[in-house]
Protein chains: 2
Amino acid sequence: MMTDKCSELKSFMAKQRVPLSEEDFALISAAAVYKSVRKKELLLQAGEVCRFKIFISQGFLRTFRFDGEGNEHILQFSSGQSWTTEGESYSNQSPSAYYIEALEDSELLMWTKDSFDQLLAAIPALKAFSEQLIFNNLHASRNRLYKAISASPEEKYEDFVQTYPGILQRVPLRMVASYLGVSLKTLTRIRQGQLQR
Amino acid sequence: MMTDKCSELKSFMAKQRVPLSEEDFALISAAAVYKSVRKKELLLQAGEVCRFKIFISQGFLRTFRFDGEGNEHILQFSSGQSWTTEGESYSNQSPSAYYIEALEDSELLMWTKDSFDQLLAAIPALKAFSEQLIFNNLHASRNRLYKAISASPEEKYEDFVQTYPGILQRVPLRMVASYLGVSLKTLTRIRQGQLQR
DNA sequence: CACCAAAGAGGACATTTGTCCCTGTTTTAC
DNA sequence: GTAAAACAGGGACAAATGTCCTCTTTGGTG
């Protein structure tokens, strides 16, 4: 039954104080596509259109892409109880430059843009929540950009540990390095306290 | 008269194909505060709340902040015929970490959050346009973040020149360096072709 | 007109960061 | 259970980047 697949979503929306009636929530649940994925499965490939907005009930995802030299760069980690998508591809239904991959076995709820747009039009509280999410994303993105252009690798690492305690235990260090935009070597040196300053 | 102060805004909205009626536009104009500023004037100081959303009729602004060592970092250049604000401070009406400064004599139209929110509620086309602006901002911010963590200083510079031809002629190089997150020395070396690769 | 501040190029040097190797350990796959 | 791959630390070295300094030019200001 759909309802039990949606229990994490329900508690998440409640915790976020999104005022959804039972009917609202039934609409949202009915439009959701449930998907269970194994570690290393790709939810989106570069070149594909990102058709879905995703709520992660459980698990852990990353969004990344490759540069011209074939190096991976991680733009985002997405943990359980949060929303994600590749925004540019999803908004415009245009090909994505990014991959989305499961870093752990995960359980997801997904909505196509068409169905989600209908929900937004029908449910003002969902619309308001969605706008809030966008704002939060924008502010987080700008703050991270500021760190990226202003902080030393060491400061970036400290900031990462502060901001996302727990992720360090879930992903390989090289992915943290990739997320921070430094080499694994630099990250190792920082962690070993091998910097004399 | 307000109307002529708003002519640039009118042509901008027309060019962006925002379907505003004459009445809509009259409402928007009536709520606007016109301000003319001289080069080097501050429109927002760190610690202040950003009370306004700004349309730049003419001129050029920058948004920047200081890090712990007192170094300036430029987050954004805003040229004429575009909108700007300090989003996080404006949204939450909370103290800003950023400064906004005129880099050239500029002419601005400004709306308080209260008055702009009223306009958004009253004018669906403005609301839709505003949402589009937010999306564009988010996508631009993410793309820039990707460059920041993935590209070499040289690639960042090339990208800057491609993306913002013209800015180079309007601002000191040290500000470009600050925007890119590299030292002036590095930028000079790139421009002199002093890198042997 | 004179003066001062800002801009930016260049040199010298130190530091940081990255790349390339290797090694030992842990995890994954069959 | 075993082989293979991934992970992460270490050393050696090279390259990139930053800091500090000087010098010259330019532009603004009184």
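Throughout, a chain's letter reflects where its sequence line sits, starting with A, and its residues are numbered from 1.
- Within the 4.5 Å cutoff, side-chain heavy atoms of Ile149(A) are placed close to those of Leu75(B).
- Rounded to an integer number of Å, the gap from CD of Glu154(B) to C1' of dA16(D) is 11 Å.
- Below 30°, between 30° and 60°, or above 60°: for Tyr99(A) and Phe66(A) the angle between ring planes is above 60°, a perpendicular geometry.
- Remark: P of dG28(D) and CD of Glu104(B) are 12 Å apart, rounded to the nearest angstrom.
- One can place CZ of Arg174(B) at 16 Å from P of dG18(D), the figure rounded to the nearest angstrom.
- Atom pair Tyr157(B):OH and dA16(D):C1' shows a separation of 18 Å (rounding to whole Å applied).
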Open item on the list: Walk along nucleotides 18-30 of chain C from 5' to 3' and tag each nucleotide B, S or - by protein heavy-atom contact under 4.0 Å, base first, then sugar-phosphate.
Closed with: BB--------S--

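- In this structure, Phe135(B) CZ and Asn92(A) CG are separated by 9.5 Å, a value rounded to the nearest 0.5 Å.
- For the pair Leu180(A) CG and dT16(C) C1', the interatomic distance rounds to 16 Å; values are reported in whole Å.
- Going from atom CD of Glu72(B) over to atom C1' of dA7(C) covers 14 Å, rounded to whole Å.
- Between Glu72(A) and Arg62(A), the closest side-chain pair of non-hydrogen atoms falls below 4.5 Å.
- Residues Glu101(A) and Lys40(A) meet the side-chain proximity criterion, which asks for heavy atoms closer than 4.5 Å.
- Side-chain contact of Ser21(A) with Glu23(A): a donor-acceptor pair under 3.5 Å is present, judged by distance alone.
- The aromatic rings of Phe77(B) and Tyr179(B) sit parallel, their planes meeting at an angle under 30°, below the 60° perpendicular limit.
- When side chains are defined from C-beta on, Phe12(B) does not count as touching Val18(B), because their heavy atoms never get closer than 4.5 Å.
- Taking atom CZ on Arg38(B) and atom P on dT29(D), their separation rounds to 9 Å, with Å as the unit.
- The overall bend of the helix from dC1(C)-dG30(D) to dC30(C)-dG1(D), read as the angle between its terminal helix axes built from five base pairs each, is 60° when rounded to 10 degrees.
- In this structure, Leu168(B) atom CG and dA7(C) atom C1' are separated by 14 Å, rounded to whole Å.
- For the residue pair Thr112(B) and Ser115(B), a side-chain donor N or O sits within less than 3.5 Å of a side-chain acceptor on the partner.
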